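Each remark here refers to the structure printed beneath this line.
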Amino acid sequence: MGRANKVILAYSGGVDTSVCIPYLKEEWGVKEVITLAADLGQGEELGPVQEKALKSGAVESLVIDGKERFVTDYAFPAITANALYENRYPLSTALARPLIAKMLVEAAQKYGADAVAHGCTGKGNDQVRFDISIAALNPNLKILAPAREWGMSREETISYGERFGIPAPVKKSSPYSIDRNLLGRSIEAGPLEDPKIEPPEEIFLMTKAIAATPDKPEYVEIGFEKGIPTTINGKTLDPVTLIGQLNEIVGKHGFGRIDMVENRVVGIKSREIYETPAMLVLIQAHRDLESLTLTADVTQYKRGIEDSYGQLIYQGLWYSPLKEALDAFIQKTQERVSGKVRVKLFKGSATIVGRESNNSIYDGDLATYGAEDGFDHKAAEGFIYIWGLPTKIWSQKTRS
Ligand code: ARG
């Protein structure tokens with residue numbers, strides 16, 4: 001008896017996930033392996049990937065376009081939450097995992113599989129995100145993670161694959177580990193493992209070096225509808241096109257790079273480089289529009305919710321009851337977050353330079369420094385007397 005009968009394997013076309021196919025069959029007695037490659041805008045052709053899976057012994061090889069769902073159901077909610085892990089990383093890789101898990105579970109249902117599998121090792125965040133998401137969506141499915149157990153070195157993995165007709169990588173493999181999708185690129189390993197070394201320019205693809213950016217600033221106007229970005233420069237765009245175009249425009253001006261040491265779920269600190277131009281600008285612009293349309297207390301209370309939200313996405317809890325409850329709060333706050341934000345892009349910076357909304361609660365008559373304003377200046381005196389009373393009394397009683 002094998003560990004499972006029929007398995008849906010999350011597949012990227014790389015050596016590791018390819019080796020998973022014969023490994024599952026030979027070592028773990030799985031009868032049929034169906035691979036699933038999710039197209040989330042990683043910008044590479046998935047046709048060859050499909051063929052590769054079949055050559056490696058899969059009975060069927062699925063390629064599913066998930067770009068629209070990815071942006072609408074995962075990236076957009078994260079933007080309404082202004083979700084940044086450790087205040088910096090807009091979760092471009094992390095957001096893809098719950099969707100891939102969902103696609104695996106849906107395929108398992110459709111093809112009558114009793115297990116799903118992935119090629120994650122035991123040191124990363126992605127195994128956590130996959131395993132928890134799969135269990136949340138279908139607690140009866142078995143989860144197989146061969147690379148977490150097989151204990152083979154890179155060389156051993158390659159030569160194991162060669163025994164089953166999986167070719168060794170042709171080009172000298174890059175020292176970096178890179179994850180890419182529509183929302184951004186995550187780059188780690190190789191020389192980046194030394195946190196004091198500056199990342200070499202060659203690793204960046206979506207963002208230009210400052211020296212290569214245009215010498216003139218460019219303005220871009222982003223329109224939001226109930227917290228969701230819908231237009232660029234007045235044109236309504238579908239979600240996938242909107243993100244794609246914004247990545248182009250913003251990346252061209254060298255904005256969107258992050259270099260950080262982050263805390264993984266499994267306790268390891270890792271040095272990560274990200275480029276996520278669209279997500280970073282969208283979160284900045286969205287937060288700005290909230291400042292114009294939400295009351296002070298909602299804006300400030302939401303900050304704490306946002307931190308929790310970012311953390312739970314990172315930690316694999318997308319399908320958790322806490323996430324659902326926070327979603328209800330966030331959605332309620334977004335009802336009036338509609339309007340436009342103008343961003344100035346120049347030499348590696350993205351600066352918000354203007355905002356407007358039909359729901360603005362900014363009151364020019366109250367705010368103006370001109371002589372004729374609508375604010376009752378005399379009322380301030382009594383307010384300050386009461387507001388400052390505890391501090392004043394404390395001072396009187398403690399400073400003798
Ligand atoms: N540290 C990031 C995260 O956990 C990205 C990991 C991406 N994987 C990679 N092979 N570079 O979301």
Side-chain angles (χ1 to χ4, degrees), residues 10-20 37-38 40-44 49 70 74-75 77-79 81 83-101 118-133 145 147-148 154 157 169 173-195 197 199-200 202-207 256-280 283 307-320 323:
Y11 190 63
S12 70
V15 177
D16 291 285
T17 49
S18 294
V19 167
C20 283
L40 301 185
Q42 47 276 69
E44 87 188 86
V49 168
F70 185 36
Y74 297 83
I79 290 166
L84 295 171
Y85 181 63
E86 296 184 335
N87 214 18
R88 294 209 268 173
Y89 161 47
L91 299 152
S92 39
T93 290
L95 284 163
R97 303 310 181 225
L99 173 56
I100 296 170
H118 59 73
C120 299
T121 66
K123 280 172 76 174
N125 293 320
D126 287 333
Q127 51 164 351
V128 179
R129 298 167 183 152
F130 279 131
D131 287 14
I132 299 178
S133 297
R148 194 158 56 193
R154 178 87 186 152
T157 309
S173 63
S174 121
Y176 306 106
S177 162
I178 299 171
D179 179 71
R180 156 147 219 193
N181 63 45
L182 196 59
L183 305 183
R185 292 174 73 245
S186 308
I187 310 135
E188 56 189 74
L192 301 173
E193 279 174 10
D194 184 343
I197 303 287
E202 68 189 29
I203 65 171
F204 297 104
L205 283 183
M206 300 173 77
T207 53
R257 295 183 181 180
I258 302 162
D259 176 347
M260 68 189 279
V261 174
E262 75 188 28
N263 294 294
R264 285 193 194 161
V265 188
V266 292
I268 300 170
K269 278 192 189 294
S270 69
R271 198 277 185 93
E272 298 276 341
I273 308 296
Y274 299 105
E275 39 181 5
T276 58
M279 283 301 277
L280 284 179
I283 290 173
D307 278 340
S308 306
Y309 201 89
Q311 211 164 53
L312 67 81
I313 295 173
Y314 188 87
Q315 296 172 342
L317 302 176
W318 183 268
Y319 302 110
S320 67
K323 152 79 168 43

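Counting convention: from 1, in listed order, for ligands and their atoms alike. Note that this is a predicted model, so its numbers are computed, not measured. In what follows, residues are counted from 1 in the order of the sequence shown.
Here R129 has side-chain heavy atoms under 4.0 Å from ligand 1, and that is the only part of it that gets that close.
The nearest non-hydrogen atom to atom 12 (O) of ligand 1, considering only Y314, Y89, Y176, comes from Y89.
Residues S92 and T276 have side chains that never bring a donor and an acceptor to within less than 3.5 angstrom of each other.
Ranking protein heavy atoms by distance to atom 6 (C) of ligand 1, first place goes to E188 OE1, 3.5 Å. S177 OG, 3.4 Å is the protein heavy atom nearest to atom 9 (C) of ligand 1. Ranking the protein heavy atoms by distance from atom 1 (N) of ligand 1 puts E262 OE2, 2.6 Å first. In this structure, atom 2 (C) of ligand 1 lies nearest to the protein heavy atom Y274 OH, 3.1 Å.
Listed by chain and number, the residues in a side chain to side chain donor-acceptor pair (under 3.5 Å) with R97 are D126, D179 (sequence neighbours excluded). Partners of S133 according to the side chain to side chain donor-acceptor pair (under 3.5 Å) rule, which considers only residues two or more places apart in sequence or in another chain, do not exist here.
Using bins of under 30°, 30° to 60° and over 60° for the plane-to-plane angle, the ring pair Y74/F70 lands in the tilted bin.
Within the listing of ligand 1, atoms 1 (N), 2 (C), 5 (C) sit less than 4.0 angstrom from a heavy atom of E272. Heavy-atom contacts of N125 reach the following atoms of ligand 1: 3 (C), 4 (O) (cutoff under 4.0 Å).
Cation-pi geometry between R129 and Y314 is met: the NZ or CZ atom falls under 6.0 Å from the ring centre, inside 45° of the normal.
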